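To start, the structure under review is shown below, and the notes come after it.
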Amino acid sequence: MSDEELARRAQQAFADRFGSAPDGVWAAPGRVNVIGEHTDYNAGFVLPVALPHTTRAAVSRRDDRRVVFASVQDDGSVVELDLAELAPGRPEGWAAYPAGVVWGLRERLGGGVSVLVESDVPVGAGLSSSAALTCSVALALRDLAAPELGPLDLVELARRAENDFVGAPTGILDQSASVLCTAGHALFLDTRDRTSEQVPLDLAAAGLELLVVDSGVTHEHAGGGYGDRRRECELAAERLGVAFLREIDDVTGLEPLADGTPEGAVLLRRARHIVTENARVLEVVAALRGEADPRTIGPILTAGHDSLRDDFEISVPMLDAIVESTTEAGAHGARMVGGGFGGSAIALVEADRMDAVLAAVSERFAREGQDQPRTFTAVPSAGARRVA
Ligand code: GLA
């Protein structure tokens with residue numbers, strides 16, 4: 001559906017709910033990360049693309065200091081409270097994400113706000129539905145109340161909503177992808193100084209497609225595993241005497257972690273993933289910049305998966321099964337994406353092999369007794385934008 005059609009639908013839904021037209025409609029996409037997983041909170045490199053799937057926020061300012069969040073999903077659920085009542089933990093649930101953004105700009109806003117959201121970003125699939133939600137609302141509030149905010153301020157506003165208000169200890173990958181990505185490109189971002197480069201990624205011209213397969217195993221970052229990995233990385237950095245693992249650029253620099261204890265062995269594996277993953281991002285970027293055949297990045301993606309499975313230990317059997325079945329059926333490479341413990345995997349596939357790869361995935365899910373997975377092709381799409 002075009003941006004215009006999506007905007008009209010959101011305007012209509014807003015009018016049905018609030019009885020008037022919204023001040024505007026803003027859209028922000030979900031993402032898949034081509035390579036660079038869990039590197040963001042280690043001040044490392046990432047390379048995401050924005051998905052065509054977006055969250056739309058239809059928004060109006062109001063002068064009664066009430067904040068109202070309505071969702072077309074979630075059975076039309078509505079959450080309403082006073083601007084002054086917003087605080088971490090209040091509200092909870094899906095509305096905490098847009099509420100965190102409003103909270104971040106509460107002094108600029110002065111009055112209240114009505115927000116209606118509609119989304120086709122799959123939830124719980126590791127495709128950043130939460131960043132799509134926070135970034136669409138951040139862009140709306142920028143346009144309505146804080147025009148001086150630049151793109152990096154919006155990323156930061158959305159990150160703080162997620163970290164400080166919702167309480168999910170994520171890095172900056174998802175929000176950066178949702179705000180900064182452009183169509184036809186992957187975003188090469190150095191999360192240390194936040195500099196970025198748009199790297200052309202025209203897979204279709206090379207006869208390739210980036211397949212996304214949702215494992216159907218849902219994940220939750222506010223829960224344990226993600227935070228555990230983050231703490232392990234911080235501890236490894238501390239033991240190595242660096243501020244962030246990004247500062248180690250060769251695995252030989254990790255030797256001091258191997259102190260003969262089981263804990264040292266775990267920290268070594270976690271840190272090795274970060275160091276090798278940063279190198280993989282640079283390798284993929286060099287290949288794409290140098291106009292190498294994009295097929296050559298396939299094995300780097302699979303090496304990234306092996307590292308997430310064996311060193312970082314955040315894969316799950318169905319993600320491994322997707323990687324195995326797609327590569328066995330001829331994909332050039334495949335890997336799980338996102339925070340781990342569920343979510344989706346990507347595979348780099350010849351367009352004319354796609355049917356065979358999909359059949360292999362389908363057969364594998366059936367054999368494992370799983371429901372057939374949601375699959376789609378990730379076309380690098382535009383970042384957050386006003387659509388009406
Ligand atoms: C989640 C987090 C990101 C990033 C990825 C892993 O998506 O929100 O900040 O850490 O996991 O790369």
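Whatever order the structure lists them in is the order used to number ligands and atoms, beginning at 1. Given the structure is predicted, the values throughout are model-derived calculations rather than measurements.
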task = Please test D214 against T375 for side chain to side chain donor-acceptor pair (under 3.5 Å), starting from the C-alpha separation and ending with a verdict.
result = CA-CA 6 Å; D214 178 0; T375 61; over 6 Å; no
task = Please test S325 against E328 for side chain to side chain donor-acceptor pair (under 3.5 Å), starting from the C-alpha separation and ending with a verdict.
result = CA-CA 5 Å; S325 55; E328 279 164 21; over 6 Å; no
request  = Quick one: do R159 and T134 satisfy side chain to side chain donor-acceptor pair (under 3.5 Å)? Show the steps, please.
outcome  = CA-CA 8 Å; R159 182 192 67 77; T134 53; over 6 Å; no
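Atoms of ligand 1 lying under 4.0 Å from at least one heavy atom of G171, given by number and element, are 9 (O). Per-residue contacts place T170 under 4.0 angstrom from the following atoms of ligand 1 (heavy atoms of the residue considered): 2 (C), 8 (O), 9 (O). Below 4.0 Å from some heavy atom of Y226 lie the following atoms of ligand 1, by number and element: 1 (C), 2 (C), 3 (C), 4 (C), 9 (O), 10 (O), 11 (O). Less than 4.0 angstrom separates some heavy atom of G338 from each of these atoms of ligand 1: 6 (C), 11 (O).
For R31, the closest heavy-atom approach to ligand 1 falls below 4.0 Å.
Of the options D40, V337, L308, the smallest heavy-atom separation from atom 9 (O) of ligand 1 is shown by D40.
A tilted orientation is assigned to the rings of F376 and H53, their planes being inclined by 30° to 60°. The aromatic rings of F18 and F14 sit tilted relative to each other, their planes meeting at an angle between 30° and 60°.
For H38, a nitrogen or oxygen atom sits less than 3.5 Å from a nitrogen or oxygen atom of ligand 1, counting backbone and side chain alike. Close N/O approach between E37 and ligand 1 is found [any backbone or side-chain N/O within under 3.5 Å]. For a threshold of 3.5 Å applied to N or O pairs, the pair formed by S128 and ligand 1 contains no separation below that value.
Few gaps surround CD on E80; more than 12 heavy atoms of other groups in view lie less than 6.0 Å from it.
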